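Shown next, in structure tokens, is the structure this report addresses.
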Amino acid sequence: MKKIRKLAPNEAQKIAAGEVVERPANVLKELLENAIDAQSTKIAIYIKNGGKELLRVVDNGCGMSPEDAKLCFEEHATSKITCVDELTSITTFGFRGEALASIAAVSKTTLITKEADCEQGTKIEIEASKLINNKNDEIVHANTGTDITITDLFYNVPARQKFLKTRETEWRQIQQLFFAFCLAHTHIDFKLYSEDKLLYNCPKIETIEGRISQLFESTLVKHIVPISHTHKKITIAGVISNHQFERYDRNMIYLFVNQRWVKDTALSRAFMKGYQQVLPPGRYPAGCIFISVDPHEVDINIHPRKEEVQFLHPRSVQKAITNTVTQALEQDLSQQLQKTVQFKPSIPLEKPQPYVQIPTVNRSATNFNPFNFDQFLSKSAQVNDEEPCELHEQTHAHQTIPQLNLQQTVHQSITPALSHQEYMLVGQYNRTYLLLEQEDGLLMIDQHAAHERILYERFCAQHGNIATIKLMFPQMITLTVQDMQMITEHIDLFTQYGIELEPFGTDTLKVQATPIQLKHAAMDEIIKDAIGYIHEYKELDQETFNQTMQKKLYAHMACKAAVKAGDVLSQEQMKQLIIDLYSTDKRFSCPHGRPTSWLMHLDEIKKKFKRDYRKQGVQ
Ligand code: ADP
Ligand code: MG
């Protein structure tokens, strides 16, 4: 081993800088925090080559005196705290006094700054921590505020420069950081230039929704839901996307803890958990969530770039996020439900109308309850004589465009309870989707996914008390001896699921009764899957085991019992399916997370057809 030697200060500084500054976006974060700490209301950012060549931040904040302008590049030089105990009451982003020292150690930096009551500004130029303007500082004309330019980042640390990514990757990081700052500080005017082009111009704005429309695609703002919840000194506020919006990545999830943007996996997981029943796996929501906690209950000083924080009670915070999101989504769904059942107002009969009243089928002969969809299904053999109103693709070989037959459009009240409201059921398309005309667009419902959700919720609600039917011919399932033993131990559990089982010899299981909806289903697949679940989850504690089994099994049972894509549905069946769906919680996704419905907005339809009513000639 060589002898221990103390590193030369400039070498030590370069190493320390790596902690704070790893890439251009980190530099920008420090500069923006400084600008905001200086009470700026206008901030302009200039970027070249993804920040590798140039990063410049111009603010209209309080500026610095000539003395401070020199001091600010010294290590541990800060105006924000005097001792660590002040951290819990801190109101600024910065406190370590190391950012500018670190940045200046690994780049060429130019600072121009002026305080409001000074006539002249100060200019300082530094390369690799060394002042390079001869007189140490220079008097210049300047606006009040600070203008700081960083060029050639890591020019003197080739090892780190090598790790910088492509211009596009660095730019994406910068853009994401810019969005985060814009979202958290709506009272500030932000401008972002890249290669001298103004890419984002975001004047200050009152609401977060307004900010979102300045920054993101226009569809997002149509699908956002405000959140606000306080529980035991934890406040969760902001906006989140609803069930109609989804992304393939998590890049639109912005989390802030006491106004600081953080990248915390546990918090984003807690956020996404709120969407478990709403979005399919592999799809992500968008959200801008402000978490406020007592400063004594969070440590903001655990990460070199302050990107992570540590909570005293992380579980409570995570739970608060999940609950807030779940509740907001449920509330949004119920509001949409109210909106959706306000289908088209009734059209007086004397007016000419494109809608045709379909005569009600007399079902008294079959003792049929039109509002029990399960009953419809159990007599699926009769489906064909129930005047199907399907709008699926015509079967002419030469014709590939789906035909909508408006003559078959119905206009009926939805349930006795909702009889004052009317809706427009256009029909069934492709023997899979129910089409509904709504005031704000065309709603498509996936009949299988919708029915799965209905049955799943019904099974859960009736757990332990599910209506069953004795099978006239019990189904016999052959199993291995081990699986027989395993299932015999859990026979009571199956009774609660509405499945009556009886061992028959050492390797055969008799299915005596099933839930009514499953009376025609092949039970061997359900039972064999259930055995798989028992193997998988048997190590869990009793309560979690029961809950998990219930979820898994009911989802599977619902899938088996539900109508399938390709099943022709009658008017009454469609109507009942819609009624049932609309009285079901979490009705926007099936138990596996696939969406049950999709609204094609009228605006989007009009846009597609280039209908602009201000122009003449569009009828
Ligand atoms: P910290 O922000 O942790 O104090 P920095 O190295 O980022 O450390 O900044 C050092 C000091 O320089 C700050 O405390 C502040 O007084 C001053 N400063 C930096 N940037 C600005 C700015 N844009 N406007 C006014 N003062 C600034
Ligand atoms: Mg700082």
Side-chain angles (χ1 to χ4, degrees), residues 13-14 16-22 24-46 55-107 109-118 120-126 128-129 131 137 140 142-150 153 177 180-181 184-185 188-191 258-261 299-307 309:
Q13 183 59 268
K14 276 198 257 176
E19 291 275 289
V20 184
V21 185
E22 203 184 323
N26 309 142
V27 176
L28 182 61
K29 176 171 182 274
E30 296 296 338
L31 301 183
L32 289 178
E33 289 188 348
N34 282 347
I36 295 168
D37 286 345
Q39 309 292 321
S40 309
T41 56
K42 285 190 175 147
I43 300 178
I45 303 153
Y46 300 82
L55 271 155
R56 178 178 172 210
V57 174
V58 183
D59 70 50
N60 68 345
C62 63
M64 283 178 262
S65 64
E67 301 73 44
D68 278 358
K70 262 181 284 166
L71 251 187
C72 72
F73 292 107
E74 305 257 321
E75 268 181 284
H76 311 298
T78 180
S79 55
K80 299 167 191 172
I81 58 167
T82 50
C83 70
V84 173
D85 292 347
E86 291 172 24
L87 276 189
T88 50
S89 56
I90 195 162
T91 54
T92 55
F93 286 108
F95 50 81
R96 293 189 190 136
E98 61 183 12
L100 290 185
S102 301
I103 294 166
V106 293
S107 68
T109 303
T110 305
L111 170 81
I112 300 172
T113 187
K114 183 182 97 67
E115 287 182 307
D117 51 7
C118 278
Q120 302 282 345
T122 310
K123 180 173 175 185
I124 303 240
E125 287 180 79
I126 295 190
S129 306
L131 278 170
D137 58 82
V140 289
N143 293 327
T144 299
T146 301
D147 176 348
I148 184 160
T149 306
I150 314 295
L153 187 63
L177 178 97
F181 274 81
H185 307 280
I188 296 180
D189 281 17
F190 282 101
K191 284 194 173 87
N258 292 354
Q259 289 299 104
R260 276 173 205 280
W261 181 38
D299 187 350
I300 50 175
N301 197 19
I302 58 149
H303 189 271
R305 292 183 297 279
K306 307 187 207 95
E307 285 171 0
V309 292

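From a predicted model like this one, the values you see are computed outputs, not experimental measurements. Order of appearance sets the numbers: ligands from 1, and atoms from 1 within every ligand.
Those atoms of ligand 1 with a heavy atom of Ala99 less than 4.0 angstrom away are 6 (O), 7 (O). Those atoms of ligand 1 with a heavy atom of Gly97 less than 4.0 angstrom away are 1 (P), 3 (O), 4 (O), 6 (O), 8 (O).
In terms of protein heavy-atom proximity, atom 2 (O) of ligand 1 is nearest to Lys80 NZ, 2.7 Å. At the top of the distance list for atom 15 (C) of ligand 1, counting protein heavy atoms only, stands Ser79 OG, 3.4 Å. Among protein heavy atoms, the minimum distance from atom 20 (N) of ligand 1 is reached at Asn34 CB, 3.2 Å. What sits closest to atom 10 (C) of ligand 1 on the protein, heavy atoms only, is Ala77 O, 3.3 Å. For atom 23 (N) of ligand 1, the nearest protein heavy atom (residue, atom name, distance) is Asp59 OD2, 2.9 Å. Here the heavy atom of the protein found nearest to atom 12 (O) of ligand 1 is Cys72 CB, 3.3 Å. For atom 4 (O) of ligand 1, the nearest protein heavy atom (residue, atom name, distance) is Thr78 OG1, 2.5 Å. Protein heavy atom nearest atom 22 (C) of ligand 1, with residue, atom name and distance: Thr146 OG1, 3.6 Å.
Ligand 1 has no atom lying under 4.0 Å from any heavy atom of Gly61.
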Between Val309 and Asn258, is the side chain to side chain contact (heavy atoms under 4.5 Å, CB included) condition met? List the steps. CA-CA 10 Å; Val309 292; Asn258 292 354; over 6 Å; no
Audit row: Leu32, Leu177, side chain to side chain contact (heavy atoms under 4.5 Å, CB included) steps and yes/no: CA-CA 10 Å; Leu32 289 178; Leu177 178 97; 4.1 Å; yes
Could you go through Glu74 and Leu71, starting from their C-alpha distance and side-chain angles, then the distance that decides it, and tell me whether this counts as side chain to side chain contact (heavy atoms under 4.5 Å, CB included)? CA-CA 5 Å; Glu74 305 257 321; Leu71 251 187; 3.9 Å; yes
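The Mg ion (ligand 2) has an N, O or S atom of Asn34 under 2.8 Å away, backbone or side chain.
If you take CD on Glu98 and CD on Glu30, they are separated by 7.5 Å, rounding to the nearest 0.5 Å. To the nearest 0.5 Å, atom CD of residue Glu125 and atom OG1 of residue Thr109 are 10.0 Å apart. Taken to the nearest 0.5 Å, the OG1 atom of Thr122 stands 10.0 Å off from the NZ atom of Lys114.
Of the candidates Met64, Glu98, Glu30, Met64 brings a heavy atom nearest to atom 27 (C) of ligand 1. When the heavy-atom distances from atom 6 (O) of ligand 1 to Ile148, Leu100, Ile43, Thr113 are ranked, the shortest goes to Leu100.
Not one N or O of Gly63 is nearer than 3.5 Å to an N or O of ligand 1, by distance alone.
Residue contacts with ligand 1, taken as heavy atom pairs separated by less than 4.0 Å, involve Ala38 solely via side-chain atoms from C-beta onward.
Ring orientation note: the planes of His185 and Phe93 are nearly perpendicular, at an angle over 60° on the 30°/60° scale.
The environment of CG in Asp68 is crowded: more than 12 heavy-atom neighbours from other residues, nucleotides or ligands sit within 6.0 Å.
With Phe73 as the partner, the side chain to side chain contact (heavy atoms under 4.5 Å, CB included) test is satisfied by one option alone out of Leu100, Ile103, Leu131: Leu100.
Using a 4.5 Å heavy-atom threshold, the side chains of Phe181 and Ile188 count as separate.
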